[in-house]
Protein chains: 2
Amino acid sequence: MTKYIKQTRILVAVDCIIFGFDGFNLKLLLIKRGFEPEKNKWSLMGGFVQSDEKPEDAASRVLKQLTGLKNVYMEQLLVFGEPERDPIERTVSITYFALIDIKKYEKQLSDDYRAEWFQLDRIPQLIFDHDKMVQHAKNRLRYKAALHPILFELLPEKFTIPQIMTLYEQVYDVQLDKRNFTRKLRSTGLLIKQLDKDKENSKKGAFYYKLDKTTYKEKFTKFLNFVSNPEY
Amino acid sequence: MTKYIKQTRILVAVDCIIFGFDGFNLKLLLIKRGFEPEKNKWSLMGGFVQSDEKPEDAASRVLKQLTGLKNVYMEQLLVFGEPERDPIERTVSITYFALIDIKKYEKQLSDDYRAEWFQLDRIPQLIFDHDKMVQHAKNRLRYKAALHPILFELLPEKFTIPQIMTLYEQVYDVQLDKRNFTRKLRSTGLLIKQLDKDKENSKKGAFYYKLDKTTYKEKFTKFLNFVSNPEY
DNA sequence: CAATTAAATGTTATTTTGACACGACTAATC
DNA sequence: GATTAGTCGTGTCAAAATAACATTTAATTG
């Protein structure tokens, strides 16, 4: 068979929007780009899709390079493909968001990429169209988290209710009512109360909870629903 | 500046999942592929991204080629990029869904591509990974339409409430209650009742409505909301 | 042991949802 | 011109979900 002649072949990259939560703030992991163009500017972590590699695998590889972490929750977002977005050569970039437990990252830390966590409201200017990518990722995180319990991916194995609530407040940039939030959260049946408390952030201490992984899988698509009981 | 040497350049295509609604059924527009491989098999309409073209523009161009329509509601979906998905040469395909008023299409009909509308539950086997693309598009349509009034894009300028309801029933594959649906729909403030009726489908006739385009734009992000009043 | 600080909890009013049935309108037919 | 047939359009009520609201409890600190 013949090839598709006369068509343009294009560089295909992936860029990762990596979210983390330190218990107080939702953060984004950025690197200082190590090569021209735009060397030493802040950037998303990215890389090119290799000849025998699925884009998903490229994204996982790139994420592992930076964070040392595997089996991270990732989701494909938009492709950015304006002809002039990379001044060197045309490149389309597939974006992914990744949700990681920031503490796990710290354990695996490698400083090869001069990475830093930034609060979402203090993100520096980024190269190319990476600002737009981040903006879109924040948006998609809101959509997804309104329907599915993905924010637990940002939390450590044991977490407290005040922590989750802060996380939701950060993601949606709202103030929530403790009592109503707790009630709703409990009604999901996703939480298992532990006997010990987190004493780091208050004198009284807040009880730890774990995620009930069985119900997590069951309820993933039914966390909160809309058009009553749609089958997604 | 130097190029990114040693990296693989890949063909980048777009494929369009084109939805239409004829007043009774939600349908998908497919073509008979006109070249090898898989010549004469059913396929999504697609094309390659040109060297100076945004992917969005490629999708619009491809859509116009097939349907003759411009300014159609389109949205980028997933990229499919498995190395072996196209047996001829590696190609990553960016998928888009398009929502069109089927009647407008019929006016613009060109038969160059041997296109046909298929009911969603009667879709033939498609080439490559196009089945997966369609599956994903159906899913995304549900998500999106649960939060935003995009299904109006599928309707003609004047439409009836029974029509919209049928559309929602098709998209979510449920039976809806006429009274509750009407109440909810009216509460959106999106509809403007006309004085004339559609007499085609019943003796009594159903009043036509038009979309209130001002409130449509205002309410687009607040059609139905979830985490109470999030700013998307 | 008093003061401080954040955690945990319950009630009520309001809004939204879901379930449910019948009369009205018009074209077609006799 | 009366009858029939078929879809359109509408209202009520009970149940569930949501939003608003304040006090008590647990533990540390001085």
- Message: Is it the case that the ring center of A:Y143 lies less than 6.0 angstrom away from the ring center of B:H148?
- Response: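 Between A:Y143 and B:H148, which both carry aromatic rings, the centre distance is below 6.0 Å.
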- Task: Determine whether the aromatic ring centres of B:F97 and B:H136 lie less than 6.0 Å apart.
- Result: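 When the ring centroids of B:F97 and B:H136 are compared, they turn out to be at least 6.0 Å apart.
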May I have the distance from [X] (atom [atom1]) to [N] (atom [atom2]), rounded to whole angstrom?
{"X": "A:K184", "N": "C:dT9", "atom1": "NZ", "atom2": "C1'", "result": "19 Å"}
{"X": "A:K193", "N": "C:dA7", "atom1": "NZ", "atom2": "P", "result": "13 Å"}
{"X": "B:N201", "N": "C:dA27", "atom1": "CG", "atom2": "P", "result": "14 Å"}
{"X": "A:I164", "N": "C:dA8", "atom1": "CD1", "atom2": "P", "result": "11 Å"}
{"X": "B:I161", "N": "D:dG9", "atom1": "CD1", "atom2": "P", "result": "6 Å"}
{"X": "A:F207", "N": "C:dA6", "atom1": "CZ", "atom2": "P", "result": "18 Å"}
{"X": "A:F181", "N": "C:dG10", "atom1": "CZ", "atom2": "P", "result": "18 Å"}
{"X": "B:Y209", "N": "D:dC8", "atom1": "OH", "atom2": "C1'", "result": "10 Å"}

- Between A:D15 and A:S93: side-chain donor-acceptor atoms closer than 3.5 Å: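 There is such a pair (donor and acceptor under 3.5 Å, judged by atom type) between the side chains of A:D15 and A:S93.
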- Query: How would you list all residue pairs meeting side-chain hydrogen bond (donor to acceptor under 3.5 Å, both in side chains) that involve residues 16-27 of chain B, not counting sequence neighbours?
  - Reply: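 For residues 16-27 of chain B: B:D22-B:K27, B:N25-B:Q170.
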Quick one: which protein N/O atoms are closer than 3.5 Å to N/O atoms of nucleotides 20-22 of chain D? Pair and distance per line, please.
from, atom 1, to, atom 2, distance (Å)
D:dA20, N7, A:N180, ND2, 3.0
D:dA20, N6, A:N180, OD1, 3.0
D:dA20, N6, A:R183, NH2, 3.4
D:dC21, N3, A:R179, NH1, 3.4
D:dC21, N4, A:D177, OD1, 3.3
D:dC21, N4, A:R179, NE, 3.1

Please list, one pair per line, the donor and acceptor atoms closer than 3.5 Å that link side chains of residues 117-128 of chain B to other protein atoms, with sequence neighbours excluded.
from, atom 1, to, atom 2, distance (Å)
B:Q119, NE2, B:D121, OD1, 3.2

Do any side-chain atoms of residues 153-162 of chain B form donor-acceptor pairs under 3.5 angstrom with protein atoms, and if so which ones, sequence neighbours left out?
from, atom 1, to, atom 2, distance (Å)
B:E153, OE2, B:Y216, OH, 3.1
B:K158, NZ, B:D196, OD2, 2.5
B:T160, OG1, B:Q163, N, 3.2

- Quick one: list whatever passes ring-ring contact (aromatic ring centres under 6.0 Å, His included) with B:Y73, sequence neighbours left out.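 Partners of B:Y73 by the ring-ring contact (aromatic ring centres under 6.0 Å, His included) criterion come out as none, since no residue qualifies.
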- Query: For atom NZ of B:K104, is the number of surrounding heavy atoms from other residues, nucleotides or ligands below 6.0 Å larger than 12?
  - Reply: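 It does not: B:K104 NZ has 12 such atoms or fewer within range.
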- Nucleotide by nucleotide, 5' to 3', does protein get under 4.0 Å of the base (B), only the sugar-phosphate (S), or neither (-) in nucleotides 24-30 of chain D, counting heavy atoms? -BBBB--
